[in-house]
Structure formats: structure tokens, C-alpha cells
Amino acid sequence: MAIIETINSAINSFVWGVPMLVLLVGAGILLTCRTCGVQFRKFGYAMKNTAGKIFKKGEAKEGEITPFQAMSTALAGTVGTGNIAGVTTALTLGGPGSMFWLWITALIGMATKYSEVLLAVKFRERNKDGDWVGGPMYYIKNGLGKNWKWLGAIFCIFAALAAFGIGNAVQVGNITSSINTVITSFSPDFAGQKMVNSVLGIILVILTAIVLFGGIKRLGAVTEKLVPFMAVIYIVACLVVVVYYAKTLPAVFASIFEGAFSPSGVTGGAVGSVILVITWGVKRGVFSNEAGLGSAPMAHASTSETDCVKQGLYGIFEVFVDTIVICTLSGLTVLCAWKGGALDLNIGHEGTTALNAQALGSVFTQKGGALIIAVGLALFAYSTVLGWALYGTRCCEFLFGVKAIRPYQVLFLVVIFVGATMKLDLAWAIADTLNGLMAIPNLIALFALSGVVVKETKRHFSEVPSKK
């Protein structure tokens, strides 16, 4: 076991180290330049054709879901515990300045996610059941040619395995942990955690099975309701705290911008270097919005939208909501409470959701803060399970065909129960490594097919003069 941990640690240090982060950001910069900053030039157009159509009822044929449902499914897999615990970790290990670099990563990542989604719709195909399937493995096979199918297979192996960990067991473990935290906050002497975990595991297995076995249309119908609901609850709670500490906002933003370039001026030397601040900001930004990893395009490929650029706009909206909105509010909630004297940020020590709960608790009471975080984490984590259930299924289907879908889904359900009842520290570490390894085949395809992204973008915005 120790040998496995050592090997995984060595691989993980590369996968999530500076070289890979530079590669991920580099892809975003390249795509931003080649599309002439489409995420900035056409931001208003993107919001109008994504957020502006949220309440517009869409229709989809059999084997398809509406564009908004496709985005909701992708967002379900993207918005997870990283939006709460991940941001707090960046703040405590990288200081307030890490928020600045998280924003930069998101702005660049919009172009990456836009390109991934565009290519997924451009090179998708129908499977034997008549469903649209797509993602990195398909734009590698159909875009780069069948001689590159092996690269798509490598992506699928990493993604299908990662789905069991980072998209399943780890998320379920966070759900049970957060609910147990609430229970113990109301009843400190409670000793039935194992029983609670088992019951929660069974409930989650049943709920997931109902959605998963209902096919892509049921998954889309659930996520389009779950994602806005969970986002609104958490966003409103964070806004209340930020408004409550509104007087601290000038000091908070000053610490963010000063800490981005001179961390010692804010932290007193606890962080140590600008490189460390940048690394934590970029790392948590990429981990949160998953731009470049290749996961979300698999959901977007199921859309009824036929124009790949129109669906690509949802990639821009997705990163905006995940990182610019939700992650920013998570960070501001903690920083405002810190500047307001309600908590100790404890720079240099890894943060947990306890800081988020403490920040919310300073306004909503301690038990109220714990309850909000528990509900937020539970909804965020469960939505991630649903999103990654689709990703793992699509990857397994690419590798072994339609006949392998049901066995994979059953195994996925078994892992949910395991994740609810066992400690999975090593599983988390290995899944984190696999999650990062997914990015390598995807990034190769993005670099190679960037010309297609440029061509399709120019085609779309030249067809109707009013789009210019």
C-alpha cells in the first residue's frame, strides 16, 4: 500500500504540478488568441443566448436533451466540493491573492471550455440506441482520424476510472461527512455515524439508480432543476454574509490585488512567494471549472442544438457561473468574515469547510452556518455524482460498446454505497491523479483541432450580420 501511495504521489506531483498547469493555461491562451478573445468579444451575445434562454421551454427529440439541460448536466458534474472547500484551501495556503489568479484562470478557461464543447458537438455521432454521443474521444477519432482512436481510448480509461473516485466515492463521502457534522452540531454525543452513513448510502444508491436508468432525458430533466436550485441557495446565503460585512469589501479587494503580486505584504510572509500564490489560484481554478480536462463536453454532446458554436457559448457561461460567480462568492464570504474579525484565516495551513461554516455562522448562527454548508455540499456533491455517472458511462461505451453500459452503471451504484461507508483517502488521491491524466489526450486534441474552432467561430459570426 505504501508503494502504491509513493508511486501515485510522484505521478500526481507531475499531473497537478506547475508544468501541467502551464500547459492547461497555455491551451487557454492559445485558444483565446486564435479566436481573437471570443469569450470577451462575444460575452454579451453568449449571455443572451445562454442565461437569456433559461426560462424558454426547449424541445428535444428521442436520444437528445435541450441545450440548457446539456449545460445543466455538465454544470452538475463541474460544480462540486471544489467550489467550497477548494476555494478555502487556496485562500489558506495561497493567501487572498490566489483569488486573483483563480479569476485569470477562469477568464482564459472560458475559451478552452468553449472550444471543447464546440468540438464535441461538431464531431459527435449517434450510438446504436440512437443517442447522441461525443466528447474528447470522439473529436479525437473523428477529428484527428481513426489512426488516433487509441488516444481517445486512453482518455476513456482514465476518465472511466476517475468517475468511480473523484466523481463518485469522494463526493458521496463529502455528503455523509457534512451531514454528520450537522448532526453532531445539534447532538455532540451522537454515536450512530456508521448507521447514518449506511442509510445515506442506500438512499443515494436508490436516487441515483432512478435517474441513471431513466436515460439521458431523465438525467437532463433532473439536472436542469437541481443545478439552479442548489446554486441559488448557496449564492443567496453567501450574498447575505457579503452584504453584512459590506464595509470590509474595500479592504478585502485590496488584500486580493496586493496579495496577487506581493503576498508577504498581506500575509506577513506566511505564504512566501508569488509563485505559490499563482499555483494555488490556478490549480483550484482548473480543478473547479474543469476547463481542459475534457469531462463536460461529453454532456454537451447530447444536446438537440445543431450549431456547434451556439452550444459552445454554454461553455463560456458554465465557467462564468462556476468560477466567477460561485467560487468568488465562496472566497468573498470567507475573506469578508476574516476582515470583519469573525474568523482567523490562518494563512499557511490547509483550510476546510469549517471556515466556510464559521463565516456563514457569524451571520446565521453556528448551527445555521453548519446546516447551510451541509446542504450546499450535499447538493453540489450529489449533482457531481449524476454528471460523472454520465461521463463514466460514455467512456465505457466508447471502449466496450453499448452492451457494457448497464454493468458499468451497476458497478457505479455499488461504489456509491462503498463511498458512503468507508474512508477513501487513497482512492481520493488516485482518482485525483486519473482526473488530471485525462487532460493530456484532450489537450493534444485541442491544440491539433484549434483550426477547426477558428473556422467554425468565423462561420457562425459571419452568417448573420447582427451577430458581429
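We number each residue from 1, following the sequence as shown.
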Fill in: Check against side chain to side chain contact (heavy atoms under 4.5 Å, CB included), Y234 and I84
CA-CA 10 Å; Y234 186 67; I84 301 177; 3.7 Å; yes
Minimum-distance pair of heavy atoms, taken over all atoms of [X] and [Y]:
{"X": "L144", "Y": "A448", "result": "CD2-CB, 3.5 Å"}
{"X": "V25", "Y": "I108", "result": "O-CG2, 3.8 Å"}
{"X": "T112", "Y": "A27", "result": "OG1-C, 4.2 Å"}
{"X": "I372", "Y": "A237", "result": "CG2-CB, 3.8 Å"}
{"X": "A162", "Y": "M438", "result": "CB-SD, 4.3 Å"}
{"X": "V319", "Y": "A106", "result": "CG1-O, 3.4 Å"}

For the [atom1] atom of [X] and the [atom2] atom of [Y], what is their distance to the nearest 0.5 Å?
{"X": "N442", "Y": "I140", "atom1": "CG", "atom2": "CD1", "answer": "7.0 Å"}
{"X": "I316", "Y": "S115", "atom1": "CD1", "atom2": "OG", "answer": "8.5 Å"}
{"X": "D307", "Y": "N49", "atom1": "CG", "atom2": "CG", "answer": "10.0 Å"}
{"X": "I373", "Y": "N356", "atom1": "CD1", "atom2": "CG", "answer": "4.5 Å"}
{"X": "Q69", "Y": "E224", "atom1": "CD", "atom2": "CD", "answer": "4.0 Å"}
{"X": "L91", "Y": "S98", "atom1": "CG", "atom2": "OG", "answer": "4.5 Å"}

Item to complete: Kindly determine whether Y382 and Q171 satisfy side chain to side chain contact (heavy atoms under 4.5 Å, CB included), including the steps that lead there.
Response: CA-CA 7 Å; Y382 180 62; Q171 302 298 329; over 6 Å; no
Check: [X] side chain, [Y] main-chain N or O, donor-acceptor pair, under 3.5 Å:
{"X": "T223", "Y": "L219", "result": "yes"}
{"X": "T208", "Y": "V205", "result": "no"}
{"X": "T92", "Y": "T89", "result": "yes"}
{"X": "E116", "Y": "G292", "result": "yes"}
{"X": "Q311", "Y": "V117", "result": "no"}
{"X": "Y139", "Y": "L449", "result": "no"}
{"X": "N289", "Y": "A291", "result": "yes"}
{"X": "N180", "Y": "T176", "result": "yes"}
{"X": "N168", "Y": "F412", "result": "yes"}

Flag side-chain contact, heavy atom, 4.5 Å: [X] against [Y]:
{"X": "T393", "Y": "Q409", "result": "yes"}
{"X": "D131", "Y": "S302", "result": "no"}
{"X": "V87", "Y": "V334", "result": "no"}
{"X": "Y314", "Y": "T303", "result": "no"}
{"X": "S304", "Y": "P67", "result": "yes"}
{"X": "R218", "Y": "I210", "result": "yes"}
{"X": "L204", "Y": "V385", "result": "no"}

Fill in: Exceeds 12 heavy-atom contacts within 6.0 angstrom, atom CZ of F229
no
Practice prompt. Taking atom CD of Q366 as the centre, report whether more than 12 heavy atoms of other residues, nucleotides or ligands fall under 6.0 Å from it.
Written response: no
Discussion item. Once you measure the plane-to-plane angle for W150 and W148, does it fall in the parallel (<30°), tilted (30-60°) or perpendicular (>60°) bin?
Written reply: parallel
Practice prompt. Anything under 30° is parallel, anything over 60° is perpendicular, the rest tilted; go ahead and classify Y138 against F398.
Written response: perpendicular
Worksheet entry | Worked verdict on N83 versus S330 for side-chain hydrogen bond (donor to acceptor under 3.5 Å, both in side chains) | CA-CA 7 Å; N83 295 77; S330 287; over 6 Å; no
Practice prompt. Applying side chain to side chain contact (heavy atoms under 4.5 Å, CB included), run through M20 and L443 and close with a yes or a no.
Written response: CA-CA 10 Å; M20 178 60 81; L443 288 172; 4.2 Å; yes
Worksheet entry | Criterion side chain to side chain contact (heavy atoms under 4.5 Å, CB included) on V309 and Y114, from CA distance to verdict | CA-CA 8 Å; V309 172; Y114 163 80; 3.5 Å; yes
Discussion item. With side chain to side chain donor-acceptor pair (under 3.5 Å) as the test, pick out the partner of H300 among E318, K113, R124.
Written reply: E318
